[in-house]
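Reminder, nothing fancy here: chain letters follow the sequence lines and each chain counts from 1. These numbers come from the heavy atoms of this one structure, side chains and all, not from hydrogens, waters or symmetry mates.
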Protein chains: 2
Amino acid sequence: MDLTPNVYDPACPTRLVLDRIADKWTTLLLTLLAKGPRRFNELRRLVGGISQKMLSQTLKGLERDGLVEREVLPTTPVSVTYSITPLGLTLATEIEGLTTWAQRHIGAVLAAQSRFDAR
Amino acid sequence: MDLTPNVYDPACPTRLVLDRIADKWTTLLLTLLAKGPRRFNELRRLVGGISQKMLSQTLKGLERDGLVEREVLPTTPVSVTYSITPLGLTLATEIEGLTTWAQRHIGAVLAAQSRFDAR
DNA sequence: CCGTATCCCCGTAGATACTG
DNA sequence: CAGTATCTACGGGGATACGG
């Protein structure tokens, strides 16, 4: 008997979370914020290729999910810092595993691709 | 000093692998195949919501990356089985971690969303 | 500095039909 | 059964401009 919900069912709520995780910018931002709090434009500079819109959008999503916390400091002009939550940190740890895997096995993957393409 | 490549650089090859991983169907198919070999239409039935096209396309990508193996059996009509490779299995293990996380923390995430939306 | 609003485009997934 | 081919649309994401 299987106690786990069926993630292969499109209606399964767990798949909603999974779909959120399966996002380019989400993974990059979360692992970056796991290293420490950052300001908005700081993130923009650090994550190469992200647009203003996607940064804002992704951060809002992360905040909504309780993975990231947004703090506004009343300076002039205003400054905003984003920091990871305890919950977010547990997810970031899992994602780090994927990043590590990618770094460790990228050679094997590229080699497989070459073999595949060569025919 | 940091020996790891900078995944935040869009030119970093590791990010290519990461982008492939950050795919809805890839994660679902890989974890499913980790449980055992499956036929094409079997996968189609098991993974709710996937189209013929995306299934074919995703499987081809997984095969190209050396994560999944495709075997054609000369029956009539022809039958094709897909099985995970040792390399693929190591990745599937990491992804399982994400699925487990999602199942464990979905309650917290949904609660956070409610709180966020309530203002 | 930190966003939101708007426009627009092009890739990507869905639907459908057809082959070995 | 296991795909490929073609067509279409739809919406995610980039560029740009503007507001708090």
Side-chain angles (χ1 to χ4, degrees), chain A residues 8-11 15-16 18-30 32-33 36-65 68-83 116-117 119, chain B residues 8-11 15-16 18-29 32-33 36-65 68-84 116-117 119:
Chain A
Y8 306 108
D9 182 345
R15 203 156 116 173
L16 293 177
L18 233 44
D19 288 354
R20 282 280 343 255
I21 296 170
D23 179 80
K24 194 181 178 178
W25 302 125
T26 294
T27 55
L28 287 176
L29 283 173
L30 209 58
L32 189 50
L33 287 174
R38 297 285 186 186
R39 304 258 302 276
F40 184 83
N41 279 329
E42 204 176 354
L43 289 169
R44 192 154 143 60
R45 269 188 310 272
L46 285 168
V47 179
I50 195 169
S51 67
Q52 218 174 18
K53 184 188 179 181
M54 287 314 293
L55 179 56
S56 168
Q57 197 170 299
T58 307
L59 285 171
K60 191 180 290 182
L62 287 170
E63 190 195 358
R64 191 175 111 97
D65 289 351
V68 156
E69 199 168 26
R70 181 177 179 270
E71 189 183 8
V72 182
L73 295 99
T75 55
T76 55
V78 69
S79 59
V80 181
T81 60
Y82 291 89
S83 53
F116 186 89
D117 294 341
R119 40 173 185 118
Chain B
Y8 307 107
D9 182 347
R15 203 155 116 173
L16 293 177
L18 233 44
D19 287 353
R20 282 281 342 257
I21 297 170
D23 178 80
K24 193 180 177 177
W25 303 124
T26 294
T27 56
L28 287 175
L29 283 173
L32 188 51
L33 287 173
R38 296 287 185 185
R39 304 259 300 277
F40 185 83
N41 280 328
E42 204 175 354
L43 289 170
R44 191 154 143 60
R45 263 176 281 114
L46 285 169
V47 180
I50 195 168
S51 67
Q52 215 174 22
K53 185 188 178 182
M54 287 314 294
L55 178 56
S56 168
Q57 199 170 297
T58 306
L59 285 171
K60 192 180 287 182
L62 287 170
E63 189 196 358
R64 191 175 112 97
D65 289 350
V68 156
E69 198 168 26
R70 181 178 181 269
E71 188 184 8
V72 182
L73 295 98
T75 55
T76 54
V78 70
S79 57
V80 180
T81 60
Y82 291 89
S83 52
I84 201 164
F116 185 88
D117 293 341
R119 42 171 184 119

Give the first and the last nucleotide of DNA chain D, reading 5' to 3', that has any atom under 4.0 Å from a heavy atom of chain B. D/dC1 to D/dT4
When rounded to whole Å, the CG to P distance for the pair A/L55 and C/dC1 reads 14 Å
Let me know the distance between CD of A/Q52 and P of C/dT6, rounded to the nearest Å. 15 Å
Atom CD of residue position A/E69 - does it have more than 12 heavy atoms of other residues, nucleotides or ligands inside 6.0 Å? no
From B/R45 atom CZ to A/Y8 atom OH, the distance as rounded to the nearest 0.5 Å: 15.5 Å
Hey, does B/L43 have a side-chain heavy atom less than 4.5 Å from the side chain of B/L33? yes
So, the side chain of B/R20 versus the backbone of B/G61: is there a donor-acceptor pair under 3.5 Å, distance only? yes
Starting at the 5' end of DNA chain D, write a dot or bracket for each base, bracketing those in Watson-Crick or G-U wobble pairs whose two distances are under 3.5 Å and using | for partners on another strand. ||||||||||||||||||.|
C/dC1, OP1 or OP2 - any side-chain N/O from A/T75 closer than 4.0 Å? no
Residue whose nearest DNA chain D nucleotide is more 5′ - A/G49 or B/P77: B/P77
Sugar-phosphate only, base, or nothing, as touched by A/K24 at under 4.0 Å among non-hydrogen atoms: nothing
In whole angstrom, what separates A/L43's CG from C/dG3's C1'? 13 Å
Find the distance between NZ (A/K24) and CD1 (A/I50) and round it off to the nearest 0.5 Å. 9.0 Å
Roughly, in whole Å, what's the span from CZ in A/R45 to P in C/dG3? 14 Å
Got A/K60 and B/F116 here, is their nearest side-chain heavy-atom distance under 4.5 Å? yes
Does B/D23 reach the main-chain N or O of B/T26 with its side chain, forming a donor-acceptor pair under 3.5 Å? yes
Distances for protein N/O vs nucleotides 7-13 of chain C N/O pairs under 3.5 angstrom?
{"from": "C/dA13", "atom 1": "N7", "to": "B/K53", "atom 2": "NZ", "distance (Å)": "2.9"}

So B/L29 and B/V47, do their side chains get closer than 4.5 Å, heavy atoms only? yes
Would you say A/R70's side chain and A/T81's backbone share a donor-acceptor pair under 3.5 angstrom? no
In whole Å, I'd like the distance from the CD1 atom of B/I50 to the C1' atom of C/dG14. 12 Å
Heavy atoms under 4.0 Å, any strand shown: does B/R70 hit a base, just sugar-phosphate, or nothing? sugar-phosphate
Distance-only, no hydrogens or angles: does the A/Q57 side chain make a donor-acceptor pair with backbone N or O of A/M54 under 3.5 Å? no
Do B/T58 side-chain atoms and B/L55 backbone N/O form a donor-acceptor pair below 3.5 Å? no
Whole angstrom value for the distance that separates C1' of C/dT4 from CD of A/E63: 15 Å
